[in-house]
Amino acid sequence: MLQISLMTERHRLAKLLRVSSKNRLIDQGKQVHAALVRIGYGSDVILNNDLIDLYGKCGRMDMACDVFDKMPETNVVSWTALMCGHLQQGNPKSSLLLFCRMGYTDVKPNEFTFSTNFKACGVLKIPENGMQIHGICVRTGFEWFPAVANSVMDMYSRCGRISEAEQMFNLMPIRSLISWNAMITGYALVGMGEKCLLLFQKMQRQGEILDDFTFTSTLKACSCLGAIEEGTQIHAYLITRGFAFSVQAIVSGALVDLYVKSGYLFEARKVFDQIEQKSVISWSSLILGYAQQGNLKAAMDLFRQLRESNIWVDGFVLSSMIGVFSDFALVEQGKQMHCYTAKFPSGMEKSVANSIVDMYLKCGLIEEAERVFNEMPERNVVSWTVMITGYGKHGLGREAIRLFNEMQVEDVEPDGVTYLALLSACSHSGLIEESREYFSILCGDYRIKPQVEHYACMVDLLGRAGCLKEAKELIHNMPLKPNIGIWQTLLSACRVHGEFEMGRKVGDMLLELDGKNAVNYVMLSNIYADAGYWRESEKVRVSVKLKGLKKEGGCSWVEIDKEVHFFYNGDERHPLTKEIHKILKEIEKRIKEETGYPYEVRFALHDVEEESKAESLRYHSEKLAIGLALVHSGVEEGGRTIRVFKNLRVCGDCHEFIKGLSKVLKKVFVVRDANRMSRQLLYRYGMIVMLILFSPVLLAKKSYHDYFGVSLDRERRDRVGNMKEGTEFLELCGFERVGGGKFLFLPRDKVDMEVLKSAGTALNSAITNPFFGLLSK
DNA sequence: CTAGGGTTAG
């Protein structure tokens, strides 16, 4: 009788345990645990296995291990449950170690054990271990269990071994929807978009079932490929098939991301607005999309809405938002955001800290960046790379090298981007020998394949140093196809060093390679002009006109009291033109007296596409914009930072002018300019901190749209044409035309100060300013 | 005891 009631009690508790585990009810689980021990089932294997599962799911690995260690005997389920726990708690290494330990016991792995550990290898990206386990799996006859085969495939594709994954897929005796999806996902993961789309087609043709996993992976592939047509077809297909994508947060999320990445913000927004239960992921996709287009206002509006909704702000959103402020060099907003992150547990994430460090570096506050960097409890490759990049841009090449060594002492492996940062740091500090050395280390590192960007960096550096022959040879001998940019770099180096012959050859070649780009003509023409071949120079210029190619006209703008004033080169339309000219003349005289300007430094910035000398006889637009700012503020020393934007690169002459100006007036100037690469130049008391913002992105991880060159909402693009002019750009930034040479910033939204005040951190004092004050000082 | 999908920072 007693026996029976104990049995039923055991049965009841076992059920309760399963329920607790499923619903992650740790406290209830603990009570059941205690009850089981009380009635004498403390060493029941099955119950203990369930306890391991429970504690693992609830994130209490310490307790799961405790149960495991105290078990008088274990079976394969106990081991596997513990491995799963480790894996789910983000500790795949422990799972693998446990797998090794199990090899020394009599307990044999089963299909669950294998698939769990393949997953672990996939997460860790260690194909070597995965292959070893695959071998064991073959020998023990578990290879073609469906779940095992799928997880082997998944492991290979996550480790980038796509051909092994393909082999598994082809050999598989039973292919389920999961197998198809795993293969499609694999292609999408390694960026093989075409293959992914082909497989998707094949699935359809063979009449396989498609599910939401299939669609999201395929959409991701479309997004990698920029295949907007195919993506739109899938979108249409989803609608016509009555797929309830409005509630399918994940599929729609992928759709939003596809449109964002392809630059169709208008479509992205439409899909986004239809999602009933928006996840934080879709929010961050869209916010980032606006930000990368330079639409600061839209990005901030969306962020405000996100805060007002009840969605938990995660690290992705925070780091994206901080990124927005660093891109616009809005130091104050960036600082406020820094404080704001303290409100969230996700603010502790590495990515957030990394973007904060990056933000301070881009705003020129190097000490602040160092402080945050040093206080980080944990650093990853990105953290170190950010710092190395920052030191590089501030001309502290030695510091960059020091960090590069230090990170390796701390067992953080540099990757391709780290090397790029290091090379560029050496380059900007004139450390030629060191660059050569690190470049050869990079080439010898079997883990990293040097990319075009690495070669471009070396060409740039050798070009600066005047080693043009070496640079040219490097291009000829590189195993990758040189791109236009590399040749342009070499060409401008030829100009700097007066290498007429080589320059002419490279220039001619560029015209053949990229004859549609007016910039190449201008560069060649300048080469001729420098060498005194005026007629040839003129001929090249004329041919640009004959071919109907147009170089974008220079345009700069400056914000004064929430109005934006813009100027073209030599623009005299502004009502204060007289005053501007007067003040520029005075100040030029002062700079000349106090600093010796102009130095012969036309090419200090090593511009690829600077405006030609002939055009610069009149005042360049950036000088006019600065002139206006000075008319407005007076020429007293110190005071507010002056922030000027320009659609093209600042020329060497204006650069020296601003540098001198910053010294004479003890003022900070920030010039945001753009072209092939958008930059931000920070002038501080005669020093220049050069900052490249949207530098070429390695490994084509994501497509940064050129800051100025792209208008993206289809609707807007139709309206403004292929937006190239600064004025349309301003409209896209959220400015409203008010006539004359003026733009007005659209009215701000009210700031929710209460939310900010409730931050309840010691940093509160820093958030007393309106959070959404734009372009503040 | 098991498996797959969308977002971030350099």
Side-chain angles (χ1 to χ4, degrees), chain A residues 21 46 49-50 52-53 56-57 75-85 87-88 110-119 122 145-155 157-158 176-186 188-189 211-220 223 248-258 260-261 279-289 314-323 326 346 349-359 361-362 380-390 415-418 420-421 695 697-698 701-702:
Chain A
S21 168
I46 296 176
N49 289 347
D50 285 342
I52 296 175
D53 175 48
K57 283 213 172 81
N75 63 14
V76 61
V77 178
S78 337
W79 288 82
T80 310
L82 197 59
M83 291 175 193
C84 281
L87 191 59
Q88 279 168 5
N110 66 6
E111 69 268 33
F112 294 100
T113 325
F114 281 117
S115 68
T116 304
N117 284 290
F118 283 127
K119 174 104 173 77
F145 274 70
V148 177
N150 291 336
S151 60
V152 174
M153 259 176 70
D154 182 60
M155 181 272 293
S157 59
R158 271 177 205 280
S176 66
L177 174 61
I178 292 178
S179 326
W180 284 91
N181 284 347
M183 197 63 235
I184 283 204
T185 310
L189 272 178
D211 69 354
D212 40 358
F213 288 94
T214 325
F215 290 120
T216 34
S217 293
T218 312
L219 284 171
K220 185 177 160 67
S223 146
Q248 289 284 351
I250 295 178
V251 183
S252 333
L255 211 46
V256 169
D257 188 55
L258 164 75
V260 163
K261 289 266 164 57
S279 81
V280 67
I281 294 179
S282 311
W283 284 89
S284 46
S285 258
L286 198 57
I287 290 179
L288 205 74
D314 69 355
F316 282 77
V317 179
L318 291 177
S319 42
S320 303
M321 250 352 259
I322 295 164
S326 23
S346 44
E349 285 171 27
K350 268 182 272 205
S351 58
V352 178
N354 289 346
S355 50
I356 290 171
V357 173
D358 184 52
M359 184 266 298
L361 287 168
K362 280 189 177 146
N380 60 12
V381 213
V382 179
S383 331
W384 292 93
T385 309
V386 168
M387 240 6 239
I388 291 175
T389 309
D415 65 9
V417 191
T418 317
L420 196 60
S695 32
V697 176
L698 198 64
K701 213 165 98 190
K702 47 203 146 177

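A, B, ... follow the sequence lines: proteins, then strands. Residue 1 opens every chain.
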Q: For the base of B/dT8, is there a side-chain donor-acceptor partner from A/Ser351 under 3.5 Å away?
A: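 Checked by distance alone, the answer is yes.
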Q: Indicate, with a heavy-atom threshold strictly under 4.0 Å, whether A/Asn117 touches base, sugar-phosphate, or nothing.
A: nothing
Q: Are side-chain N/O atoms of A/Ser351 and A/Asn354 paired as donor and acceptor at under 3.5 Å?
A: no
Q: What is the distance, to the nearest angstrom, from the CZ atom on A/Phe316 to the P atom on B/dT8?
A: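 Interatomic distance, CZ of A/Phe316 to P of B/dT8: 7 Å.
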Q: With respect to the side chain of A/Ser282, which nucleotide from B/dG10, B/dG6, B/dT8 is positioned closest?
A: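 The closest nucleotide is B/dG6.
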Q: Atom CG in A/Asp358, atom CD1 in A/Ile322: separation rounded to 0.5 Å?
A: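 One finds 10.0 Å between CG of A/Asp358 and CD1 of A/Ile322.
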Q: Contact class for A/Ser78 (heavy atom, under 4.0 Å): base, sugar-phosphate, or nothing?
A: nothing
Q: Report yes if at least one side-chain N or O of A/Lys350 is closer than 4.0 Å to OP1 or OP2 of B/dT8; otherwise report no.
A: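 For A/Lys350, the contact criterion (side-chain N or O under 4.0 Å from OP1 or OP2 of B/dT8) is not met.
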Q: Is there any protein nitrogen or oxygen under 3.5 Å from a nitrogen or oxygen in nucleotides 2-5 of chain B, and what are the pairs?
A:
from, atom 1, to, atom 2, distance (Å)
B/dT2, OP1, A/Lys57, NZ, 3.3
B/dG4, O3', A/Arg158, NH2, 3.3
B/dG4, N2, A/Asn181, ND2, 2.5
B/dG5, OP1, A/Arg158, NH2, 2.5
B/dG5, N2, A/Asp212, OD2, 3.3
B/dG5, N3, A/Thr216, OG1, 3.4

Q: Please enumerate all residues that pass ring-ring contact (aromatic ring centres under 6.0 Å, His included) together with A/Phe145, with sequence neighbours excluded.
A: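 With sequence neighbours excluded, A/Phe145 shows a ring-ring contact (aromatic ring centres under 6.0 Å, His included) to A/Phe142, given in chain and number order.
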Q: A/Met359 CE to B/dG10 C1': how many Å, rounded?
A: 15 Å
Q: Is there a donor N/O on one and an acceptor N/O on the other, under 3.5 Å, for the side chain of A/Ser320 and the base of B/dT8?
A: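 Flag unset: no donor-acceptor pair detected.
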Q: List the residues meeting side chain to side chain donor-acceptor pair (under 3.5 Å) with A/Asp314, not counting sequence neighbours, and say none if there are none.
A: none
Q: What is the distance, to the nearest angstrom, from the CG atom on A/Asp358 to the C1' atom on B/dA9?
A: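 So the two atoms are 7 Å apart, to the nearest Å.
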Q: So, the side chain of A/Asn75 versus the backbone of A/Ser78: is there a donor-acceptor pair under 3.5 Å, distance only?
A: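 Yes; at least one donor-acceptor contact below 3.5 Å.
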Q: In this structure, how many angstroms lie between the P atom of B/dT7 and the CG atom of A/Leu288, rounded?
A: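 In whole Å, B/dT7 P lies 11 Å from A/Leu288 CG.
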Q: Between P on B/dT7 and CD1 on A/Ile281, what's the gap in Å once rounded to a whole number?
A: 8 Å
Q: Of all the nucleotides listed (B/dA9, B/dG6, B/dT7), which has the minimum atom distance to the side chain of A/Ala254?
A: B/dG6
Q: What is the distance, rounded to the nearest whole Å, between atom CZ of A/Phe118 and atom C1' of B/dC1?
A: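 Roughly 17 Å, once rounded to whole Å.
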Q: Whole angstrom is fine here: how far is it from CG in A/Asn49 over to P in B/dC1?
A: 8 Å
Q: Quick check on A/Leu177: does its CG atom have over 12 non-hydrogen neighbours (other residues, nucleotides or ligands) under 6.0 Å away?
A: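 Yes, because the 6.0 Å sphere around CG of A/Leu177 holds more than 12 heavy atoms from other groups.
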Q: Choose from B/dA9, B/dT7, B/dG10 the nucleotide whose nearest atom is closest to any side-chain atom of A/Ser284.
A: B/dT7
Q: Only one of A/Ile52, A/Asp53, A/Asn49 forms a side-chain contact (heavy atoms from CB on, under 4.5 Å) with A/Leu82, so which one is it?
A: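 Result: among A/Ile52, A/Asp53, A/Asn49, A/Ile52 is the only option passing the side-chain contact (heavy atoms from CB on, under 4.5 Å) with A/Leu82.
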